[in-house]
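See below for the structure under consideration.
Computed over heavy atoms, backbone and side chain alike; hydrogens, waters and symmetry mates excluded. Index from 1, following the sequence.
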Amino acid sequence: YFVGDWSPDGQYLMLNVGWYEGGTVGIYHVANGVYTTADYPGIFCCYQFWTPDSRAVLVASDAIGMIDSGLWRLDAATGVVQTLLESQAADGSYNFAGGPNQMPNGDLRYFYHNNPNIIEGYTSLQLVHSAADAVTGRQVLVGESMVIYEVLWSPEGSLVLVVAQPTPDDQSYPRRGTLKLVNPESGQVRVLLQQ
């Protein structure tokens, strides 16, 4: 078990659960001691963010292989998982997502890329905005594509800090990155620290 984040209302604790080959997300309800894991048949990771109402966790993956790529909503009370973006779309293309955030009005902002083929290595994503279903009205907010490592949203979703791969071909490990401040409203990206 690895400690995740407290829900905004402080009633739940998100946990990352590691297995020998994979993992999932668990939710511990503090008041009644009930522990629930995601009702998802595969490996469930890689970016997890609470919704503002503490009722769900958005989970996104920008990698495919042992794990699925895509975007999901995990109900905190039941562990039921709703798929928002399938790994493979109906047209055979592949969806990659990262750093999801639910806005106060229920809309979503997340990093996204759709590709006709499976991408080997890291996936460059663009910041998009959509309705709560992750599809309706989807539009690109920031034109710059980034391979993201870490994401931190401001509470109201008006700014996002991103640790991004410094150059498109940098496959170094351990990962190293550039700290960027992204403004979804203006589409501007400002480099704060570069490694």
Side-chain angles (χ1 to χ4, degrees), residues 1-17 24-31 36 38 44-62 70-85 96-113 125-165 175 177-194:
Y1 297 95
F2 304 92
V3 175
D5 294 326
W6 288 102
S7 61
D9 67 4
Q11 297 299 307
Y12 296 98
L13 177 63
M14 181 189 349
L15 300 169
N16 292 301
V17 183
T24 191
V25 176
I27 305 292
Y28 181 79
H29 190 275
V30 178
T36 306
F44 199 57
C45 76
C46 295
Y47 300 91
Q48 302 102 6
F49 292 87
W50 282 100
T51 59
D53 61 8
S54 301
R55 296 179 62 191
V57 174
L58 295 170
V59 180
S61 171
D62 59 0
L71 180 60
W72 304 268
R73 184 183 311 273
L74 165 63
D75 185 282
T78 65
V80 172
V81 174
Q82 174 191 10
T83 300
L84 300 176
L85 291 175
F96 301 89
N101 183 55
Q102 182 176 304
M103 302 296 291
N105 69 355
D107 285 359
L108 299 180
R109 288 185 174 170
Y110 58 99
F111 292 83
Y112 174 74
H113 180 74
L125 308 171
Q126 288 181 306
L127 183 59
V128 299
H129 183 105
S130 74
D133 65 2
V135 177
T136 304
R138 183 169 48 223
Q139 61 181 339
V140 174
L141 295 176
V142 177
E144 181 179 335
S145 291
M146 296 175 265
V147 174
I148 58 174
Y149 295 154
E150 301 286 336
V151 174
L152 178 64
W153 284 94
S154 64
E156 73 290 342
S158 64
L159 293 171
V160 59
L161 278 172
V162 177
V163 177
Q165 184 174 295
R175 289 177 165 183
T178 300
L179 181 64
K180 298 180 178 187
L181 179 64
V182 180
N183 184 329
E185 308 300 327
S186 68
Q188 292 182 329
V189 178
R190 193 172 100 201
V191 174
L192 301 181
L193 296 169
Q194 191 150 3

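Note that CD of Q188 and CG of L141 are 13.5 Å apart. Values are rounded to the nearest 0.5 Å. If you take CG on D53 and CG on D9, they are separated by 8.5 Å, rounding to the nearest 0.5 Å. Taking CD from Q11 and CH2 from W6, the interatomic distance works out to 9.0 Å, rounded to the nearest 0.5 Å. Separation of atoms CE (M103) and OG (S158) is listed at 7.5 Å; rounding is to 0.5 Å. In this structure, SG on C45 lies 7.5 Å from CH2 on W72, to the nearest 0.5 angstrom. Considering CD of Q165 and OG of S145, their distance stands at 12.0 Å, rounded to 0.5 Å.
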message: Determine whether V182 and M146 satisfy the following criterion, side-chain contact (heavy atoms from CB on, under 4.5 Å), listing intermediate values before the conclusion.
response: CA-CA 11 Å; V182 180; M146 296 175 265; 4.1 Å; yes

task: Evaluate side-chain contact (heavy atoms from CB on, under 4.5 Å) for L84 paired with L58, printing each intermediate quantity in order.
output: CA-CA 10 Å; L84 300 176; L58 295 170; 4.3 Å; yes

message: Show, in sequence, the C-alpha distance, side-chain angles and deciding distance for F111 and D62, and conclude whether the side-chain contact (heavy atoms from CB on, under 4.5 Å) test is met.
response: CA-CA 9 Å; F111 292 83; D62 59 0; over 6 Å; no

task: Start with the C-alpha gap between Y12 and R55, add the side-chain angles, then the distance that decides, and say whether side-chain hydrogen bond (donor to acceptor under 3.5 Å, both in side chains) holds.
output: CA-CA 9 Å; Y12 296 98; R55 296 179 62 191; over 6 Å; no

- request: Might you work through the side-chain contact (heavy atoms from CB on, under 4.5 Å) test for R138 and Y110, ending with a clear yes or no?
  value: CA-CA 10 Å; R138 183 169 48 223; Y110 58 99; 3.1 Å; yes

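Between the side chain of T51 and the backbone N or O of Q102 there is no donor-acceptor pair closer than 3.5 Å. Checked by atom type and distance alone, the side chain of W153 pairs as donor or acceptor with a backbone atom of G99 at under 3.5 Å.
D107 approaches S130 most closely through the heavy-atom pair CB-O, 3.2 Å. The two residues V135 and D133 come nearest to each other via the heavy atoms N-OD1, 2.9 Å. Closest heavy-atom contact between A97 and L85: CB-CD1, 4.5 Å.
With sequence neighbours excluded, the residues forming a side chain to side chain donor-acceptor pair (under 3.5 Å) with R109 are H129, E185, listed by chain and number.
Heavy-atom neighbours of Q82 CD from other residues, nucleotides or ligands within 6.0 Å: above the threshold of 12.
Within the 4.5 Å cutoff, no side-chain heavy atoms of N101 are placed close to those of V151. Annotation: side chain of I27 is in contact with side chain of M14 (closest heavy-atom distance under 4.5 Å). V59 has its side chain out of reach of V81: every pair of non-hydrogen atoms, C-beta onward, lies at least 4.5 Å apart. Between Y112 and L71 the shortest side-chain heavy-atom distance does not fall below 4.5 Å. Side-chain contact between L74 and Q48 is absent, with no heavy atoms from C-beta onward closer than 4.5 Å. Looking only at side-chain heavy atoms (C-beta outward), S54 and P8 come within less than 4.5 Å of each other.
A side chain to side chain contact (heavy atoms under 4.5 Å, CB included) with K180 holds for exactly one of V189, L161, L192; it is V189. Tested against V162, the residues L179, L125, I148, L152 include a single side chain to side chain contact (heavy atoms under 4.5 Å, CB included) partner, I148.
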